[in-house]
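Because the structure is predicted, anything quoted here is derived from the model rather than measured.
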Amino acid sequence: MSEETIYRHLREFRDTFREGFGSDTEEVRWPEISQGQILMMMSPKARHQRVAHRLRTQLEPQLPADLALYVETDLEDPALGILRVPDLVVVNADFEPTAADALPPHDCHLIIEIVSRSNPANDYEGKLRDYPLMGIPDYLIVDPRDGTAVHHWAPTNRTGTAAYDNTQHFAFGDTITVQGWKIATDNLPRYDESEGSSA
């Protein structure tokens, strides 16, 4: 059975799960697919969404008319067997959705993920593996746990494994430039240290 066939079966199960349970389940809403597995993602909490809102209100006015900013939208590459749901993604405004009504990776310019307390490895490991494989040009990780950010860009396959060629680290207070867009981090809130493990 090919990787794409396995993905199709997982995709069908995932969609059935969402239709049968996801709409009534507040905690689990956006299952993702990677490496032949369905990954159960927790619904983002208010603090997480506050960071997303501030990033969106900064970035969206800077985009030209031929680009758009999408929030929590399926992004898939069936041939690679990958489906992710980025927090924020800049795409071509006139993109053609995939057969399953998802974003195609080749129309994406930038993905921003906001790290959750409950599953940081998903952004720092899983998506850092998948996004260069999907050809995403720029990947920005924003981490409200410790007030840091990491920009990865220029995906390459020189070593035989897809990875980003360049990485730059930032602290909240820095201004991050991605493809000419300016992202200020001085107004991004950190997670309250007194809160629980979910965010």
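- In this structure, the separation between CG on Leu103 and CZ on Phe95 is 4.5 Å, given to the nearest 0.5 Å.
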Report task. List the steps and the verdict of side chain to side chain contact (heavy atoms under 4.5 Å, CB included) for Val142 and Leu188. Result -> CA-CA 9 Å; Val142 176; Leu188 299 181; 4.1 Å; yes
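- Other residues, nucleotides and ligands place no more than 12 heavy atoms under 6.0 Å from the CG atom of Asp101.
- Connection of Leu75 to Leu133 is established within a shared hydrophobic cluster, with ILVMFWY side chains joined at heavy-atom distances below 4.5 Å, either directly or through further cluster members.
- Between the side chain of Asn92 and the backbone N or O of Asp94, no donor-acceptor pair lies under 3.5 Å.
- Minimum interatomic distance between Asn187 and Gln58 (heavy atoms only, all atoms of both residues): OD1-NE2, 3.7 Å.
- Distance check: Gln35 CD to Leu80 CG gives 11.5 Å after rounding to the nearest 0.5 Å.
- The shortest heavy-atom contact between Ile176 and Ala149 is CD1-CB, 3.8 Å.
- In the model, Asp165 has no side-chain atom that pairs as donor or acceptor with a side-chain atom of Thr156 under 3.5 Å.
- Closest approach of Ala65 to Ala93, counting heavy atoms only: O-CB, 3.9 Å.
- Annotation: the span from Thr148 atom OG1 to His169 atom NE2 amounts to 9.0 Å, rounded to 0.5 Å.
- Checked against Glu32 for a salt bridge (Lys or Arg N to Asp or Glu O under 4.0 Å), the options Lys127, Arg11, Arg14 give a single hit: Lys127.
- Counting heavy atoms from C-beta outward, Pro132 and His152 have side chains that stay 4.5 Å or more apart.
- Between Val90 and the choices Asp107, Ile111, Ile112, Leu59, the side-chain contact (heavy atoms from CB on, under 4.5 Å) rule is met once, by Leu59.
- Remark: side-chain polar atoms of Arg50 are not paired, donor with acceptor, to backbone N or O of Pro189 under 3.5 angstrom.
- Judged by distance alone, with hydrogens and angles left aside, the side-chain atoms of Thr185 form a donor-acceptor pair with the main-chain N or O of Asp174 at under 3.5 Å.
- Among all heavy-atom pairs drawn from Pro144 and Val51, the shortest one is CG-CG2, 3.9 Å.
- Checking side-chain atoms of Glu76 against main-chain N and O of Thr98 turns up no donor-acceptor pair under 3.5 Å.
- Tyr139 and Tyr131 have perpendicular rings, their planes meeting at more than 60° on a 0 to 90° scale where under 30° would count as parallel.
- Grouping the Ile, Leu, Val, Met, Phe, Trp and Tyr side chains by contacts below 4.5 angstrom, directly or via other members, places Phe172 with Ile183.
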Query raised in the report: Could you go step by step and tell me if Glu72 and Gln49 meet the side chain to side chain donor-acceptor pair (under 3.5 Å) rule?
Result: CA-CA 11 Å; Glu72 295 162 355; Gln49 295 301 73; 3.0 Å; yes
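- Under a 3.5 Å cut-off, the side chain of Asp87 and the backbone N or O of Ile114 do form a donor-acceptor pair.
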Report task. Walk me through it: do Arg56 and Leu69 pass the test side chain to side chain contact (heavy atoms under 4.5 Å, CB included)? Result -> CA-CA 8 Å; Arg56 182 177 187 177; Leu69 184 62; 3.3 Å; yes
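- With contacts defined as side-chain heavy-atom distances shorter than 4.5 Å, the pair Arg129/Thr161 does not qualify.
- Two residues are said to be in side-chain contact when any heavy atoms from C-beta on lie closer than 4.5 Å; Pro120 and Arg145 meet this criterion.
- Between Leu39 and Ser34 the shortest side-chain heavy-atom distance falls below 4.5 Å.
- Between His109 and Asp138, the closest side-chain pair of non-hydrogen atoms is not below 4.5 Å.
- Here Trp181 contributes atom CH2 and Leu140 contributes atom CG; the two are 11.5 Å apart, rounded to the nearest 0.5 Å.
- The shortest heavy-atom contact between Leu88 and Ala52 is CD1-O, 4.0 Å.
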Query raised in the report: What's the verdict on side chain to side chain contact (heavy atoms under 4.5 Å, CB included) for Leu110 and Trp153, showing C-alpha distance, side-chain angles and the deciding distance?
Result: CA-CA 9 Å; Leu110 164 66; Trp153 73 97; over 6 Å; no
Query raised in the report: When you look at Arg84 and Asn122, which way does the side chain to side chain contact (heavy atoms under 4.5 Å, CB included) test go after all the steps?
Result: CA-CA 10 Å; Arg84 292 295 191 172; Asn122 191 45; 2.8 Å; yes
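- Residue Glu113 holds its CD atom at 11.0 Å from CG of Leu128, rounded to the nearest 0.5 Å.
- To the nearest 0.5 Å, the span separating CD1 on Ile33 from CG on Asp74 amounts to 9.0 Å.
- Shown here for Cys108 and Pro137, the closest heavy-atom pair between the two residues is O-CD, 3.2 Å.
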